Amino acid sequence: MSAPQDDLTPLFHDTIRRFLEQEVAPHYEAWEEAGEMPRSLWQQLGEAGLLGIDLPEALGGSGADFAIVQLALEEISRQGFGGLASAYNIHANIVMPYLLHIGTPAHRERWLPAMASGEIIGAIAMTEPGAGSDLAAMKTRASRTESGWRLDGSKLFITNGQVADLVIVCAKTDPSAGARGVSLFLVDTTLAGFSRGQPIKKIGQHASDTAELFFDDLRLPEEALLGEAGAGFAYLMQELPRERLGVAAQALGAMEGALALTLDYVRERRAFGRAVGEFQNTRFTLAEVRAQIDMGRAYFEQCVAKYRQGEMNGTDAAILKLQLSEMQCRTIDACLQLFGGYGYTREYPISRFYLDARVQTLYAGTSEIMKEVIARSLLGKSDAP
Ligand SMILES: Cc1cc2nc3c(=O)[nH]c(=O)nc-3n(C[C@H](O)[C@H](O)[C@H](O)COP(=O)(O)OP(=O)(O)OC[C@H]3O[C@@H](n4cnc5c(N)ncnc54)[C@H](O)[C@@H]3O)c2cc1C
């Protein structure tokens with residue numbers, strides 16, 4: 001993790017570590033089976049001061065450095081709770097900053113203290129069945145009414161979607177205006193016209209719920225608009241670097257956790273009369289993993305420092321997300337290999353690290369889209385579709 005920016009870093013790290021060991025580890029298996037985490041977990045996280053780490057104190061937070069939120073993501077992932085890490089990333093590292101950066105004072109007052117206490121759970125809904133990488137193809141529509149807005153459409157793959165009380169929804173407000181025709185809305189999920197589909201069955205991150213959401217003649221008050229009408233894409237671009245930093249923090253934590261498990265295993269497991277860790281292949285594989293994590297961490301820390309100065313741009317975020325998520329999949333695959341057949345069983349947590357890693361190159365922008373973003377910074381926009 002980057003150099004502590006204030007004295008609170010070790011204190012928070014200790015709180016996070018202990019919270020996970022005491023409140024999460026004993027139950028995580030059951031939550032994975034259930035496909036969701038209990039609401040009470042969010043309240044416990046709030047009580048422990050872990051949901052409003054960098055939120056101003058006046059809004060119920062601790063006013064600490066944003067890098068501590070990344071440290072929380074890293075620690076959750078290091079302990080092997082990839083589903084919780086994604087759910088936490090959405091709530092505390094994405095939705096809360098959107099509200100803080102773009103919301104009005106009334107928005108912040110209404111939602112942020114309750115999100116910091118874990119009473120309100122947040123989600124963000126951009127993806128649709130026909131619009132993932134190509135977000136501009138979204139069909140969800142918000143039209144003006146006399147008293148506000150009317151929302152119709154649906155969203156897919158929404159993390160925390162089954163439990164969310166508040167969803168930031170991206171919708172087209174002016175279909176003829178292209179990129180300037182998209183706006184963000186704060187949707188209270190108790191409103192009539194909001195519904196959720198069955199939980200989506202995934203191959204990993206089972207404790208994190210992923211939902212399909214439907215909006216059917218959902219009436220929103222004027223103040224549900226987040227920021228300016230038509231500026232939705234600009235806000236997404238502004239907030240994406242932090243989302244991708246969070247994914248990178250998850251990658252770093254997971255790689256550290258997987259490496260630690262593997263080191264323990266290869267010291268114990270024997271084949272051909274010696275510890276597996278004595279084979280040159282094992283030693284070189286683990287040396288390679290260590291070297292990759294350290295290289296990845298160096299770039300991550302550079303990005304954290306840039307973000308703090310308001311200088312981390314979209315290309316930095318794309319390079320970071322591309323490299324660390326791909327590295328995570330590669331290194332954890334190499335670690336699992338050293339477990340032999342045991343690595344393929346649910347009994348050994350390395351298998352969960354492996355399954356949880358896979359989505360990291362997909363969500364928050366796929367690796368291919370990251371490469372497009374980077375290429376655009378080199379060659380300009382391509383004419384190819
Ligand atoms: C577990 C999980 C949680 C998620 N959570 C959320 C959430 O909370 N909120 C939310 O809004 N979304 C969420 N998503 C959605 C996620 O962001 C999308 O799945 C992702 O952006 C990719 O979109 P898609 O699935 O429609 O794939 P597609 O866009 O259909 O892509 C299919 C393939 O085509 C490639 N491709 C597409 N365009 C190009 C191009 N121009 N050049 C080269 N290759 C291209 C892609 O890289 C990919 O390999 C989540 C997804 C998952 C699986």
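Counting starts at 1 for both ligands and their atoms, following the listed order. All figures in this text were calculated on a predicted structure; none of them were measured in a lab.
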Practice task
For Q360 and V247, indicate whether the former's side chain and the latter's backbone hold a donor-acceptor pair under 3.5 Å.
Solution key: yes
Handout entry: Proximity to ligand 1 by part of I90, non-hydrogen separation under 4.0 Å
Key = side chain
Completion exercise
Note: T127, heavy atoms under 4.0 Å from ligand 1, region reported as both
Problem - Residue pairs fulfilling side chain to side chain donor-acceptor pair (under 3.5 Å) with at least one residue in residues 158-167, sequence neighbours excluded - result: R39-D165
Handout entry: N/O separation below 3.5 Å, I369 to ligand 1
Key = no
Exercise for the section: Report yes if S133 has an N/O atom closer than 3.5 Å to an N/O atom of ligand 1; otherwise report no. Expected result: yes
Practice task
For K202, counting its heavy atoms only, list the atoms of ligand 1 lying under 4.0 Å from any of them.
Solution key: 1 (C)
Practice task
Could you tell me how the ring of W31 sits relative to the ring of H27: parallel (under 30°), tilted (30 to 60°) or perpendicular (over 60°)?
Solution key: parallel
Practice task
Run the salt-bridge test on D54 and R242 with the 4.0 Å N-O cut-off and return the result as yes or no.
Solution key: yes
Problem - Side chain, backbone, both or neither: the part of T159 lying under 4.0 Å from ligand 1 by heavy atom - result: both
Exercise for the section: Report yes if V359 has an N/O atom closer than 3.5 Å to an N/O atom of ligand 1; otherwise report no. Expected result: no
Problem - Nitrogen or oxygen of T366 less than 3.5 angstrom from that of ligand 1 - result: yes
Practice task
Using a 4.0 Å heavy-atom threshold (strictly under), name the region of A364 that reaches ligand 1: side chain, backbone, both or neither.
Solution key: backbone
Exercise for the section: Kindly assign one of parallel, tilted or perpendicular to the pair F272 and F279, based on the angle between their ring planes and the thresholds 30° and 60°. Expected result: perpendicular
Problem - Path from M295 to V304 over hydrophobic side-chain contacts below 4.5 Å - result: no
Exercise for the section: Please determine if I158 has a nitrogen or oxygen closer than 3.5 Å to a nitrogen or oxygen of ligand 1. Expected result: no
Problem - Parallel, tilted or perpendicular: ring planes of Y265 versus Y348, cut at 30 and 60 degrees - result: perpendicular
Problem - Per-atom contacts of ligand 1 with E368, taking only distances under 4.0 Å to non-hydrogen atoms - result: 43 (C), 44 (N), 46 (C), 47 (O), 49 (O)
Exercise for the section: Determine, using ring centers only, whether Y307 and F66 are less than 6.0 Å apart. Expected result: yes
